[in-house]
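Values in this document were obtained by computation on a predicted structure and should not be read as measured data. Just so it is clear, the values below take in all heavy atoms, side chains as well, and ignore hydrogens, waters and symmetry mates.
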Amino acid sequence: MLAQLPTELIFSIISFLDLPCIREFQLVCKSWKHFVDQNESTIYHILSVGFIASTAINFSQLPSLFSPKSLDGVTSWKSFCQRRSHISKSWTGKASSRYVTYNGSGSAVHRIKVDEKAGFIITSFRHGGLIVTDLTVDKVLWSLPQSYVKSYAHLEYGEGFLIFDRLGGSKEVWRLVNDFPLESRQTKTLPDQVSAWENASEEHSDTYPKGHFKPWAILTMPQPTRAFRFVYPTLLVGAWDHAFLYDILSLNLIQTITPIQEPEDPAAAFALVVANAPSFDAPKPRLRRLSQINYVEVDTRHVFICGVNALRIFSRETGRCIFDVPSTRREFGSRKFTVLAQSTPRQDAALMNQRTDVEETDFSSTVSSPRVVDEFIAVHVSSCGRHLVAMLASSRVVVIQNFEHGLSSLYERMIQIQLGSSRSRSKYLAIYEDHVAVATNNGLFLFSLSEALDAKPNSNSSAPLLSNLIISRAPLFGYSVYMSNTTCLQLSDTGLYLNWDPEYLTYAQESLVERERLQDMFIRSLNNQRMRQLRMPTGDLILVLDDEEFLTETSTVCGIDFTPSMVGLV
């Protein structure tokens, strides 16, 4: 019956299938196998829509959309679909992945940026300096010396622009030489910047032009600044009571948002306040100034600022605060997910999947509870710009769905995820497309943002109430002494990168005893969920975290590679 349908209609039916179904489709009968064999390229082009925007994209356009690392060995639409499917599964611990070390990136690494399409890693260091390393062959492509780049320089990078801070608070802007306009005559560079470029060009002339940068500008800040973030083409720089936004192409200061310290009037119609009440009918919440700025984020519509006392969101259109989330809530949403010891390991995967339970919290039960003093230390907005992921100091992640949709059902649109022990300090938050990664002193965790937003309790399970949210964990990145040393975590299309001790990584991979010890340590930490708190005279509770710090000079770029070999994909 199906064989009598027009070919185009069969293609339309196939578009509703997933990749594993095609093999089943071929096993139905010889005629269907012959149909798939004869139309293989068209069929897999149709099925590739899960990985590309539409079938209007042809095969020759893939190199402009994906990195060479992602497309290694891809020769057809079939191998493209197989490789992308494997990478997607690897991110969730359901396919093979491996631990990797990039020794060429240097030691005592502080910050990391990765450009997978261009094929390099950028690192800054505790003792100063900057290195660009080839992602494939792990060799130095370009560098700036310790005498030029300050200690603990923060890095920002995007669309070929590299930005780091110099002593005195100015921001250096460099641009890939391949992207530099031929007629450009930048006047905002300084002689020492030009001299550093000339020396670096001469020293690394054998690797030109890959990974080479050229001075674009030095931006002098209007006042002392604390944190900065670059999302092309906007550089956001946070000062005590100001947020400065620069256009990196014109180098103009295009917007200043102030004040940012003092909270908006919670009774004002434009302020969506999530504090002691979900509506303006309840008593006014106790809002405080931001205090020290921990992190800033920016997109085309909003500015996000994490302070000690609150997470605050400003509209770029009006410059006004539209969302104010104090860090003093006991619960941050109607669902609270907690990682369990139950896991599903794979011998060929660097990730281990952990089950979670879920507690449904009633807002009315939290209104009269004492405030718990925590601290927002990082925030990122989703790629679609609708959802928000924020991290508190106590290994808690807060996800807010459709944060612009107002107060209606706001509490129901917020969820909280406890990643390991609540006494373990959070270290870093990263997001790439649908993937969220969190480093804490307790471990390295990954989860899908879309799955977290859709996660619900499994009503068929017994207590504790299990959920359908799976948290992936990298067990070898679980030693608390070394995790306390982590200062950066980055994600790309096919990998995860953090600064780590490569010798310990090798040891843990080779030692079954050490891997078992790490697993035991993690399980013990899960059993130690009781918060330590100090009660203030006001009745507020201050969280006390277990801090460990161990600075190692051998900290280099290590990570997880989610790309498979082509063996096993046929």
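Judged as a side-chain hydrogen bond (donor to acceptor under 3.5 Å, both in side chains), and not counting sequence neighbours, the contacts of Thr207 are His212. With sequence neighbours excluded, no residue forms a ring pair (Phe, Tyr, Trp, His ring centres under 6.0 Å) with Phe51. Residues forming a side-chain hydrogen bond (donor to acceptor under 3.5 Å, both in side chains) with Ser105 (at least two apart in sequence, or on another chain): Thr556. Annotation: side chain to side chain contact (heavy atoms under 4.5 Å, CB included) contacts of Ser250 (sequence neighbours excluded): Asp247, Asn252. For Gln401, the side chain to side chain contact (heavy atoms under 4.5 Å, CB included) partners at least two apart in sequence or on another chain are His387, Arg413, Leu453. Glu514 is linked by a salt bridge (Lys or Arg N to Asp or Glu O under 4.0 Å) to Arg517, counting only residues two or more places apart in sequence or in another chain. For Lys113, the side chain to side chain contact (heavy atoms under 4.5 Å, CB included) test picks out Ile122, Leu155, Glu156, Tyr157, Arg229, Gln490, with sequence neighbours left out. In terms of the ring pair (Phe, Tyr, Trp, His ring centres under 6.0 Å) criterion, residue partners of Tyr295 (sequence neighbours excluded) are, by chain and number, His380. For Ser41, the side chain to side chain contact (heavy atoms under 4.5 Å, CB included) partners are Trp77, not counting sequence neighbours.
Among all heavy-atom pairs drawn from Ala508 and Leu518, the shortest one is CB-CD1, 4.5 Å. Here the closest non-hydrogen pair linking Lys171 and Val237 is CE-CG1, 4.0 Å. Phe59 and Thr75 get closest at one heavy-atom pair: CZ-C, 3.6 Å. In terms of heavy-atom proximity, Ser170 sits nearest to Ile218 at CB-CG2, 3.9 Å. Listed here is the closest heavy atom pair of Leu498 and Ile112: C-CD1, 3.6 Å.
Annotation: side chain of Ile560 is in contact with side chain of Tyr99 (closest heavy-atom distance under 4.5 Å). Side-chain contact between Ile417 and Arg396 is absent, with no heavy-atom pair separated by less than 4.5 Å. With a 4.5 Å cut-off on side-chain heavy atoms, Asp192 and Tyr148 count as touching. Here the side chains of Thr225 and Trp240 are not in contact, with every heavy-atom distance at 4.5 Å or above. Leu251 is not listed as a side-chain neighbour of Tyr246, based on a closest heavy-atom distance of 4.5 Å or more. In this structure the side chain of Leu235 never reaches within 4.5 angstrom of the side chain of Phe244, judged on heavy atoms. The closest side-chain heavy-atom distance from Cys306 to Val296 is not below 4.5 Å. Val398 places a side-chain heavy atom less than 4.5 Å from the side chain of Leu392.
You'll find the ring centres of Phe80 and Tyr44 outside the 6.0 Å limit. Checked against the 6.0 Å centroid criterion, the rings of Tyr152 and His154 do not qualify as a close aromatic pair.
Not one N or O on the side chain of Asn103 forms a donor-acceptor pair closer than 3.5 Å with the backbone of Gly106. The closest donor-acceptor contact from the side chain of Glu451 to the backbone of Ser448 lies at 3.5 Å or more, if one exists at all. Ser395 contributes a side-chain N or O that, together with a main-chain N or O of Ser424, makes up a donor-acceptor pair within less than 3.5 Å. The backbone N or O of Thr344 lies less than 3.5 Å from no partner atom in the side chain of Asn353, so there is not a single donor-acceptor pair. Judged by distance alone, the side chain of Thr506 and the main-chain N or O of Pro502 form a donor-acceptor pair under 3.5 Å. A donor-acceptor pair under 3.5 Å is absent between the side-chain atoms of Asn402 and the main chain of Glu404, judged by distance alone. In this structure, Ser201 contributes its side chain and Trp197 its backbone to a donor-acceptor pair below 3.5 Å. No side-chain donor-acceptor contact under 3.5 Å links Ser97 to the backbone of Ala349. Counting only distance, with no hydrogens or angles, the side chain of Arg175 and the backbone of Gly160 share no donor-acceptor pair below 3.5 Å. The main-chain N or O of Phe562 is never found under 3.5 Å from a side-chain atom of His86 such that the two would form a donor-acceptor pair.
Sorted by first and then second residue, the pairs that involve residues 486-499 and meet salt bridge (Lys or Arg N to Asp or Glu O under 4.0 Å), not counting sequence neighbours, are Arg84-Asp493. Residue pairs meeting the salt bridge (Lys or Arg N to Asp or Glu O under 4.0 Å) criterion with at least one partner in residues 94-103, sequence neighbours excluded, are Arg98-Asp561. Residue pairs satisfying the salt bridge (Lys or Arg N to Asp or Glu O under 4.0 Å) criterion with at least one member in residues 133-144, sequence neighbours excluded, are listed as follows: Asp134-Lys210.
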- [ ] With side chain to side chain donor-acceptor pair (under 3.5 Å) as the test, would you mind laying out the steps for Thr494 and Lys69 before giving the verdict?
- [x] CA-CA 8 Å; Thr494 67; Lys69 188 168 180 282; 2.9 Å; yes
Open item on the list: Quick one, Ile415 with Leu469, criterion side-chain contact (heavy atoms from CB on, under 4.5 Å). Give me CA distance, side-chain angles, the key distance, then yes/no.
Closed with: CA-CA 12 Å; Ile415 67 171; Leu469 175 62; 5.6 Å; no
Open item on the list: side-chain contact (heavy atoms from CB on, under 4.5 Å), that's the test. Do Val438 and Met391 meet it? Break it down for me.
Closed with: CA-CA 8 Å; Val438 181; Met391 182 174 71; 3.6 Å; yes
Open item on the list: side-chain contact (heavy atoms from CB on, under 4.5 Å) for Ile470 and Phe447? Distances and angles first, verdict last.
Closed with: CA-CA 7 Å; Ile470 299 297; Phe447 63 89; over 6 Å; no
Task: Audit row: Trp500, Met483, side-chain contact (heavy atoms from CB on, under 4.5 Å) steps and yes/no - done: CA-CA 8 Å; Trp500 189 257; Met483 286 306 296; 3.1 Å; yes
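Taking the charged nitrogens against the carboxylate oxygens, Arg301 and Asp299 have no contact shorter than 4.0 Å, which rules out a salt bridge. Ion pairing between Arg111 and Asp165 fails under the 4.0 Å rule for side-chain N and carboxylate O.
Trp174 and Phe164 have parallel rings, their planes meeting at less than 30° on a 0 to 90° scale where 60° marks the start of perpendicular. Ring orientation note: the planes of Phe213 and Phe120 are nearly perpendicular, at an angle over 60° on the 30°/60° scale.
In this structure, Arg312 forms no cation-pi arrangement with Phe304, as its terminal cationic atom is not both closer than 6.0 Å to the ring centre and no more than 45° off the ring axis.
Between Glu116 and Ser70, the side chains place no donor N or O within less than 3.5 Å of an acceptor N or O (distance only, hydrogens not considered). Checked by atom type, the side-chain pair Asp434/Ser450 shows a donor-acceptor distance below 3.5 Å. Between Glu297 and His302, the side chains place no donor N or O within less than 3.5 Å of an acceptor N or O (distance only, hydrogens not considered). Neither side chain, Thr440 nor Lys427, offers a donor N or O lying under 3.5 Å from an acceptor on the other. Counted by atom type alone, Ser555 and His110 present zero donor-acceptor pairs between their side chains at under 3.5 Å.
Here Ile305 contributes atom CD1 and Leu236 contributes atom CG; the two are 6.5 Å apart, rounded to the nearest 0.5 Å.
By the 6.0 Å contact criterion, CD on Gln223 is enclosed, its count of non-hydrogen atoms from other residues, nucleotides or ligands being greater than 12.
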